[in-house]
**Q** 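Structure provided below as structure tokens; questions to follow.
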Amino acid sequence: MLQTVLSPGAVGESRAQAELFLQAYRLMLQARVLDDKFASIYRAGKIHGGVFLGRGQEALSVASGLALRTGDIFAPCIRDQAGRLAFGEPILDAVRTYFGSTLGPMRGRDGNIHRGRPKEGLLAMISHLGAMISVVNGMLLSRRMQKREGSVGLACIGDGGMSTGAAHEALNQAGVEKLPLVVVVADNQFAYSTPTERQFACETLVDRADAYGLTGHSADGTNLEDCLKVVGQAVEKARAGKGPQLVVAKLLRLCGHGEHDDANYISAKLKNAPEHRDCLQVAEERILSERWSTPDELERWRKDAQRKTDDAVSTVQREPTPDPFAEKWQALATENLSEAGETPEPGPMDI
Amino acid sequence: MLQTVLSPGAVGESRAQAELFLQAYRLMLQARVLDDKFASIYRAGKIHGGVFLGRGQEALSVASGLALRTGDIFAPCIRDQAGRLAFGEPILDAVRTYFGSTLGPMRGRDGNIHRGRPKEGLLAMISHLGAMISVVNGMLLSRRMQKREGSVGLACIGDGGMSTGAAHEALNQAGVEKLPLVVVVADNQFAYSTPTERQFACETLVDRADAYGLTGHSADGTNLEDCLKVVGQAVEKARAGKGPQLVVAKLLRLCGHGEHDDANYISAKLKNAPEHRDCLQVAEERILSERWSTPDELERWRKDAQRKTDDAVSTVQREPTPDPFAEKWQALATENLSEAGETPEPGPMDI
Amino acid sequence: MSITYLEAIREAQAKALAQDPRVFIYGQDVGAFGGAFKATKNLAKEFPGRVLDAPISEDAMAGLAIGAAIEGMRPIIEMQFADFSTVAFNQIVNQAATLYWRTNVPCPITVRLPCGGTSGSGPFHSQTMEALYAHYPGVVVMTPATVADAYSMLLEAVAIDDPVIFCEHKFLYYHLKADSLPTEALPVGKARIARVGRDMTIVAYSAMVHEALAAAEELKSEGWEAEVVDLRSVKPLDTDTVVASVARTGRLLCVGEDFPWGGVTAEVIARVTSEGFGLLDAPPQRLNAKDTPVPYHPNLWLAHRPSARTIADAARKILRQ
Amino acid sequence: MSITYLEAIREAQAKALAQDPRVFIYGQDVGAFGGAFKATKNLAKEFPGRVLDAPISEDAMAGLAIGAAIEGMRPIIEMQFADFSTVAFNQIVNQAATLYWRTNVPCPITVRLPCGGTSGSGPFHSQTMEALYAHYPGVVVMTPATVADAYSMLLEAVAIDDPVIFCEHKFLYYHLKADSLPTEALPVGKARIARVGRDMTIVAYSAMVHEALAAAEELKSEGWEAEVVDLRSVKPLDTDTVVASVARTGRLLCVGEDFPWGGVTAEVIARVTSEGFGLLDAPPQRLNAKDTPVPYHPNLWLAHRPSARTIADAARKILRQ
Ligand SMILES: Cc1ncc(C[n+]2csc(CCOP(=O)(O)OP(=O)(O)O)c2C)c(N)n1
Ligand SMILES: Cc1ncc(C[n+]2csc(CCOP(=O)(O)OP(=O)(O)O)c2C)c(N)n1
Ligand SMILES: [Mg+2]
Ligand SMILES: [Mg+2]
């Protein structure tokens, strides 16, 4: 695949590709470092609720985020820290949401990976798998109605999420409306503990593309270059009006479902299989072998990522947590239609 | 296709095929006559609620019912009068349900096409499209657990029903469990008024088979012979342990969605297209051209179907309708857990 | 001119489409066909590209509407029957209803639910769903009982910055008529005294308002004056108007067509007894449908739901206490 | 020996599997993994072929269970979190709950719903769903508050010929312990007096029973004796036991963790005021969660749901009247 991308003679292009690769790598690295930090804070018992990481899925995720432009729509799923950074989500959003800071986009109301900024095209997933895709469809259809065309919507989902009725209805809907939607499936071979043979019986989930009249693409989820290329092409096609696209990438989650889970249901054989290498390491090796960068520089980047992470965490740790007395206990935007007086005064603040 | 079925040299086999054809034809005729009766009773204002017919869909439907044996499972959809008769549902069940007779299987509690005898393998559909398939899955899986193998479950659905999340989850589930399920899709090109181009964007719904790891089959829904062959083969495969099968037949509904609907959204061109001939007429022509029967005999069969229909209707018209005072207003099987006393006494009996 | 409840719904949508380019309609068969009940008749022609047929995918219909709302649109989605909204339930209560609270982005969608029993419709084409949705935070649930309210409340539903569950009653579609469309209306969230009376309060909403009014008429011939309160919206629920009425009458009967457990009637009684306990001269009572699915046969159906007769019976028992 | 609420649920399933070949378990990750909460730990090994992993398809999970019930099986399905049962909602309320009434074929399925708030779980992993299901005809809804009830009621759930929604509270999973499993139990449908008192009745269920008991303890130090009634099942709801308690105490507070509109607390108050109006010496009151989604941050979460403190506060107001 390299030949295609860095074809001899296309020096300018190959320079651009190398730069894209490096940019992607730095984002993956930042995501990995941030994820590692969340894991350690979790182990220290300082995070409320679960922690969900994207370890091993950064190549696909970053490719998704990088393929998009300002004005596009991104609906990340639970393992898309890298894609979020690539799309432009500030590190602070992640940290603030995990800590429940009132300065974060979710203001302590929702947590961990359930964050976003819908008005900036970054959707805040609900937990119910499959439910975000039709929302992206609605955004894209509206832009068409508003004659604001040219943007693409990209929704991430897992192999397990593809079994939901919600995902089916939305993929079919996108096909019918010929929307510029790209659905990126991270087939990490497990949904929580459930292996894909208990999840679906088709050969590969790309077989679903035909079922909905979408264009299907396969990618190697451990290979950054391939992910950049395949997702990039899918996004380009969608943007060019070629209708909805389905990208399926195979890979392995290199962590538990959440940090509470040791993933002992994934066999050592699977974990050590050559095709399940860590995408970050693979990318690093490639950078060094191509001499696009040096070990020193990579080390500086890692330190930089570490510093940004630490800064964000120490900033957020000094930020206010929600005050139930100051909280507006109101789910409606229309204040005068909210019902009051039925609910108790706030209770004690201790856990 | 005829050659395959009635191959020269296989005289015994071809005799059997001809007999199957005639049997199927008589059931189709009976279904058509019964449907016509319901339509005329509806027009006379004597049926409560809607009337939904299978006109033009009898060939596919009868093939579904005939492919099954006693002990199999059949989940018909709204246009499966012919299949129900073929599976063994008494005419009286249909008439009693439309009239709300207390002697019918639904006892006036549910109406029209929402009828069945689950314990005899004939499911009573709920209205929500797509919802019956997973129920068939559960029956088949249970039989496997109970070591009662050898039976097949067949579920009917429309082109529109295939857009439901419920259908997706169930097809996928059947694939994962490798159940002896046959799903028969009547692609009649419309869901109520909605043409298939607003329903799905794949070429044909058989494209969905691969998506679930099912075996796909296509049939000409206007051709009885083809329907018998294709559905028969699919059922055989399922019974032989070859996993779930998906049959898609193209045809046109030769009536409104319900009898309240004149289907003026179906263009004359479509209605008159040669590929949308009435399957009953096509079958009749074939019988006569093959001299499997005579016009006189066909006429006797029609009269017989008419008489059976009229008998059933006049029987049911003398049967008791539900008495709210005698009705057990209780949704639970466990009597002592039912809540009483919260509901009013029955009201006036006049409409 | 005479206009039905159903025509009022069509007219409100026509007006919403005409006056606000952000409005569009999405639902099964709502386009050229004009909808299963003709509530969108001719709208696809009058507003090209803004009335779209949906696949049989209620979950994705609701999801699409939510996405449209995020982009500043004001979608109206029509469920072919309220009963089928169970399939979109998750998107409505967990995505639409939480969006503003979670992200600060309002979700102005209107979900039109053709609700309620009509003769011969059976268990899956007859349900009323107001309690189901009102239970959840983040939604407004409207239950118009009159042609005027069907019109004005639907326009307000579209204008409100929150998800509105618009429960339109199929039994009223053709039967209920008015001379003209209203030019003004009570604010959303305010109940209406549908009939003034001093002896007891009957609280109702949607089709049951008319049964309650008929019951009140029957009671009048016996010398009782029942006040009938039409809730108009069940969330928010106008407790003040109900309590004020009970303050005048001292007696309360609450009527709903929904299943008996929980729901509007329980909520009204819980509020009145908590806030206005001392005003009651007799135990408050409620009348709901029976605790079974809605039956198909008219004999059963008529006995399943409250009617003028059973309301009057229940009222007499309260009045005699 | 000490056994937790969660272990009791596992033990009940082990016993059901052992004693009845018709029982099987189906749900996401319930097999070799033993379930997200380990409620089915080792069961796949102990009962080969009878504890099956499901795809992420709640609708089809419920549908499969219904089909199994038709074939004479007694399936238990585990929803990974109660919140995700919204996706199976249609199959449960429209297919499972209507099957017996429509066709005379019973539908003995048990739907296990890990319910309720725990710190840091947020809007979609914290919901209690008892009111949602209890609203519908044709289901039994259990809300065990103790280790003993978790065990005995789950066994009864499997034995009952109707769909049972088994609301197990995640907050109780690990915290609540008992010395042993019970050998006998109150019948399903009977409430339990969890604490005897003469001054007021506090009605609660599930995790709120423990908050109510703690509140009663707090009140005791002030000289008040609150009676605490644990409903055990909310459908059927044991009105008699509640009314009898109110007959003794004259005062009623009803507490639920669910959203405030409709639901158990409204239903209890509507029943008590309809049937036992004269027994009340003060207005009945209720305490629910706030009318917003369940918040993530513990500060908000603790204020969102009723607690011993807020229950005691509400009780004091009633006692002073
Ligand atoms: C409708 C629904 N059912 C169940 C869950 C619980 N759940 C959360 S993540 C998960 C596994 C998801 O697997 P997959 O889609 O493959 O994504 P991955 O975790 O592998 O990235 C499950 C079952 C859910 N969130 N939504
Ligand atoms: C979930 C759901 N949504 C909507 C409906 C209303 N409805 C009943 S039949 C029908 C059209 C069905 O079309 P199709 O599946 O193609 O079957 P056909 O009527 O053509 O035989 C619709 C929309 C329904 N029954 N269930
Ligand atoms: Mg996965
Ligand atoms: Mg069709």
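Everything quoted here is computed from the prediction, not taken from an experiment.
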**Q** Would you say the side chain of D/Gln28 lies within less than 4.5 Å of the side chain of A/Tyr192, judging by non-hydrogen atoms?
**A**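 Result no, sub-4.5 Å side-chain heavy-atom pair not found.
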**Q** D/Pro295, D/Pro123, D/Ala308: which one forms the most heavy-atom pairs within less than 4.5 Å of chain A?
**A**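 Sorted descending by pairs with chain A, the first entry is D/Pro123.
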**Q** With a 4.5 Å cut-off on side-chain heavy atoms, are D/Asp83 and A/His128 touching?
**A**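 A side-chain contact exists here, since the closest heavy-atom pair is under 4.5 Å.
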**Q** For D/Arg10, give me all partners under side chain to side chain donor-acceptor pair (under 3.5 Å), at least two apart in sequence or on another chain.
**A**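 Per chain and number, D/Arg10 pairs via side chain to side chain donor-acceptor pair (under 3.5 Å) with no residue.
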**Q** With a 4.5 angstrom heavy-atom cut-off, could you sort out which part of A/Ile126 is near chain D: side chain, backbone, both or neither?
**A**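 Both backbone and side chain.
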**Q** Counting only heavy atoms closer than 4.5 Å, note whether D/Thr118 contacts chain A via side chain, backbone, both or neither.
**A**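 Contact with chain A: none, neither part.
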**Q** Answer yes or no: are there more than 12 heavy-atom neighbours, outside A/Glu203 itself, under 6.0 Å from its atom CD?
**A**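 Check fails, neighbour count at 12 or below.
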**Q** In sequence, state the C-alpha distance, the side-chain angles, and the governing distance for A/Met162 and D/Ile56, and then conclude on side-chain contact (heavy atoms from CB on, under 4.5 Å).
**A** CA-CA 8 Å; A/Met162 287 290 281; D/Ile56 307 183; over 6 Å; no
**Q** If you count heavy atoms of other groups shown closer than 6.0 angstrom to NZ of D/Lys220, is the number above 12?
**A**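 Result for NZ/D/Lys220: open.
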**Q** Which of the residues D/Thr292, D/Leu300, D/Val87 is involved in the greatest number of heavy-atom pairs with chain A at under 4.5 angstrom?
**A**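 Option with the top pair count is D/Leu300.
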**Q** State whether the side chain of D/Asn299 and the backbone N or O of A/Pro322 hold a donor-acceptor pair below 3.5 Å, judged by distance alone.
**A**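 Pair found, side chain donor or acceptor close to backbone of A/Pro322.
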**Q** Side chains of D/His304 and A/Trp329, heavy atoms from C-beta outward: is any pair under 4.5 Å?
**A**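 In contact.
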**Q** Using a 3.5 Å distance criterion without hydrogens, assess whether the side chain of D/Asp29 forms a donor-acceptor pair with backbone atoms of A/Ser193.
**A**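 Answer holds: yes.
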**Q** If you check every heavy atom in residues 164-171 of chain A against those of chain D, which residues fall under 4.5 Å?
**A**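 So far as heavy atoms go, A/Thr164 are the residues that approach chain D to under 4.5 Å.
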**Q** Say whether, by atom type as modelled, one donor and one acceptor occur between the side chain of A/Arg198 and the main chain of D/Asp53 under 3.5 angstrom.
**A**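 Yes, because the side chain of A/Arg198 sits within donor-acceptor range (under 3.5 Å) of the backbone of D/Asp53.
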**Q** Among all residues two or more places apart in sequence or in another chain, which pass the side chain to side chain donor-acceptor pair (under 3.5 Å) test with A/Asn112?
**A**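 Residues passing side chain to side chain donor-acceptor pair (under 3.5 Å) with A/Asn112: A/His114.
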**Q** At what distance, to the nearest 0.5 angstrom, does CZ of D/Phe33 lie from OG1 of A/Thr194?
**A**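 The distance works out to 9.0 Å.
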**Q** Would you indicate whether A/Lys46, at its atom NZ, is surrounded by more than 12 heavy atoms from other residues, nucleotides or ligands within a distance under 6.0 Å?
**A**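 Count not over threshold, so no.
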**Q** Between the main-chain N or O of D/Pro55 and the side-chain N or O of A/Ser163, is there a donor-acceptor pair closer than 3.5 Å?
**A**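 Here the side-chain-to-backbone pair does not exist.
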**Q** Taking the six-membered ring for Trp, are D/Tyr296 and A/His48 parallel (under 30°), tilted (30 to 60°) or perpendicular (over 60°)?
**A**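 It falls in the perpendicular class, over 60°.
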**Q** Surrounding NZ of A/Lys37 (heavy atoms of other residues, nucleotides or ligands, distance under 6.0 Å), is the total greater than 12?
**A**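 More than 12 heavy atoms, drawn from other residues, nucleotides or ligands, come within 6.0 Å of this atom.
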**Q** Is chain D contacted by the side chain of A/Glu327, its backbone, both, or neither, given a heavy-atom distance below 4.5 Å?
**A**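 For A/Glu327, side-chain heavy atoms alone lie under 4.5 Å from chain D.
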**Q** As an exercise: rank A/Ile47, A/Thr321, A/Asp110, A/Asp261 by heavy-atom pairs under 4.5 Å with chain D and give me the winner.
**A**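 Ranked by heavy-atom pairs under 4.5 Å with chain D, first place is A/Asp110.
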**Q** Mind checking which of residues 34-41 of chain D sit less than 4.5 Å from chain A, heavy atom to heavy atom?
**A**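 Heavy-atom contacts from residues 34-41 of chain D to chain A are D/Ala36.
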**Q** D/Gln80 versus chain A, heavy atoms under 4.5 Å apart: side chain, backbone, both or neither?
**A**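 Looking at D/Gln80, just its side chain touches chain A.
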**Q** For chain D, find which of A/Ala191, A/Ala331, A/Ala131, A/Gly111 contributes the most heavy-atom pairs closer than 4.5 angstrom.
**A**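 Result: the option with the highest number of such pairs is A/Gly111.
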**Q** At a heavy-atom separation under 4.5 Å, does A/Thr196 approach chain D through its side chain, its backbone, both, or neither?
**A**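 For A/Thr196, no heavy atom lies under 4.5 Å from chain D.
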**Q** Between D/Phe81 and A/Ser127, is there a side-chain heavy-atom distance shorter than 4.5 Å?
**A**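 Result no, sub-4.5 Å side-chain heavy-atom pair not found.
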**Q** Does any heavy atom of chain D fall under 4.5 Å from the side chain of A/Phe99, the backbone, both, or neither of them?
**A**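 Backbone only.
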